[in-house]
Amino acid sequence: MPESAPYINLTDPELYSHGDPFAQWRRLRADDPVHWHQPGELPGFWSLTRYHDIRTAYRDAETFSSAQGILLRPAGHGADPGGGRTLALTDAPRHKQLRGLVDGWFAVRSVRALEAEMKDIAQGVVDKALEGGSCDFVADVAARVPLYVICKMMGVPEPDWEYLYDLTSQAFAAGDPATRRFAHLNILGYFETLQADKAKDPGDDLVSILATAEVDGERLSPDDVILNCDNLLVGGTENTRIAAAGGMLAFLEHPGQWRAVRDGPELLPSAVEEVLRWTSTATHIMRTAVRPAQIHGQRIEEGDKVVFWLPSANRDETVFDDPDVFDVRRTPNRHLSLGFGEHFCLGSMLAKVELRLLYGMLLSRGVHIELDGEPKLLDSIVVNGPETLPVRMKAA
């Protein structure tokens, strides 16, 4: 890059909570789309920031592997324990086999069959938030709807939903790493017990399917079941939580867009797609090259880490008109927030329906929402959006 170029460091968590990562991504898209980050606390890695480069790399799963981890981890932390064992961290053919076990639960027909129950869950959450008048939209609304829905799908008894809510709140929160690790261990411990119960007495739920499933004629090991339960819980809650809250923040900052959807409910589907593009909740996804490759003439060696910066792809000016404008009427809107290729988000339809039901309920009931303090953004290079969003909510 030119000597006058600003210092690029996409690995500083404070860049996402107090800085402007989009300025760095714009510079990289223009001048250095395959950028090498020197090793430090994190291992060295290549950054991809352009939409078409990321989309192409997503599609080339034979070169860019998921099995060695999909998130940057500090040097010396070793391999991800789920590598080669969970839906998110496997390559073909194992990925397809695991996905095939649960795919039907996330298909359009299955999600639509759950809509009435999902609507009841969302209504209960919103009613409770309205009782207090003021709330944290992240913790009190956006976190609870997807968690309760995925718990129901996984066969978690309803009395345990709040217990898992408390654990996931601790596991996903910023702050003390030891507290997060302890909470995550408790989540794994919970699923250790649940999968054992479901293996003995299976029901009609996702954990029962995993606990009794066979792949290549062999039952999944208890550890593999537990890791995949954890994978489903995290995948079914964290990004939807942040998208719901980040979308609400976008509507509060652009009230004309909220009024447009209120006055034209037919805009809800395109509004949800724009929320997903705008929030781009997964800040990065990583792959490992398993054979040499070239992108824009830059040679990537076998074993190199390659990071896809999804918010950058979703603001690529060569793909999206006025990418820095939040526009609920945007079409087409082929964002990459949910991935692409064989690792396209398993729960994409579920997440979209949850967002549509939540926003639709707030709009149809005429709920008035306004900020009740300063939002706090996550101090993270992994997920992108509000950590807290204090609001006042009042029913019409």
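The shown structure was predicted, so the numbers you read here are calculated from the model rather than taken from an experiment.
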> In a check of side-chain contact (heavy atoms from CB on, under 4.5 Å) between Tyr16 and each of Asp379, Leu378, Leu10, Val382, which one passes?
Replying inline: Leu10
> How about Glu218: does its CD atom have over 12 heavy atoms from other parts shown lying under 6.0 Å from it?
Replying inline: no
> Out of Ser380, Pro386, Ser280, which residue meets the side-chain contact (heavy atoms from CB on, under 4.5 Å) rule with Ile242?
Replying inline: Pro386
> So, is the end of the Arg180 side chain (NZ or CZ) under 6.0 Å from the ring centre of Phe172 and within 45° of the ring's axis?
Replying inline: no
> Taking it one step at a time, do Leu28 and Trp309 satisfy side-chain contact (heavy atoms from CB on, under 4.5 Å)?
Replying inline: CA-CA 11 Å; Leu28 290 176; Trp309 296 100; 5.9 Å; no
>> Working note: Lys119 + Glu117, criterion salt bridge (Lys or Arg N to Asp or Glu O under 4.0 Å); need CA distance, chi angles, decisive distance, verdict.
In response: CA-CA 5 Å; Lys119 189 172 183 179; Glu117 293 172 286; over 6 Å; no
> Quick check: does any side chain N or O of Asp316 sit under 3.5 Å from a backbone N or O of Tyr51, one acting as donor and the other as acceptor?
Replying inline: yes
>> With a 6.0 Å cut-off on the ring centroids, do Phe251 and Phe326 count as close?
In response: yes
> Rounded to the nearest 0.5 Å, what separation is found between the CG atom of Asn314 and the CH2 atom of Trp25?
Replying inline: 10.0 Å
> After noting the C-alpha distance and the side-chain angles of Leu350 and Met118, does the key distance pass the side-chain contact (heavy atoms from CB on, under 4.5 Å) rule?
Replying inline: CA-CA 10 Å; Leu350 180 66; Met118 293 162 63; 3.8 Å; yes
> Ring centres of Phe64 and Tyr58 under 6.0 Å apart?
Replying inline: no
> CZ/Arg144 to SG/Cys151 distance, rounded to the nearest 0.5 angstrom?
Replying inline: 11.5 Å
> Is Arg59 positioned over the aromatic face of Phe340, cation under 6.0 angstrom from the ring centre and no more than 45 degrees off axis?
Replying inline: no
> So do the side chains of His284 and Val307 get within less than 4.5 Å of each other, counting heavy atoms only?
Replying inline: yes
> What heavy-atom pair brings Gly155 and Lys198 nearest, and what distance separates the two atoms?
Replying inline: O-NZ, 3.4 Å
>> Check whether Ser270 reaches the backbone of Leu267 with its side chain - one donor and one acceptor, N or O, closer than 3.5 Å.
In response: yes
>> Using 0.5 Å steps for rounding, measure from the CD atom of Gln195 to the OG1 atom of Thr212.
In response: 11.0 Å
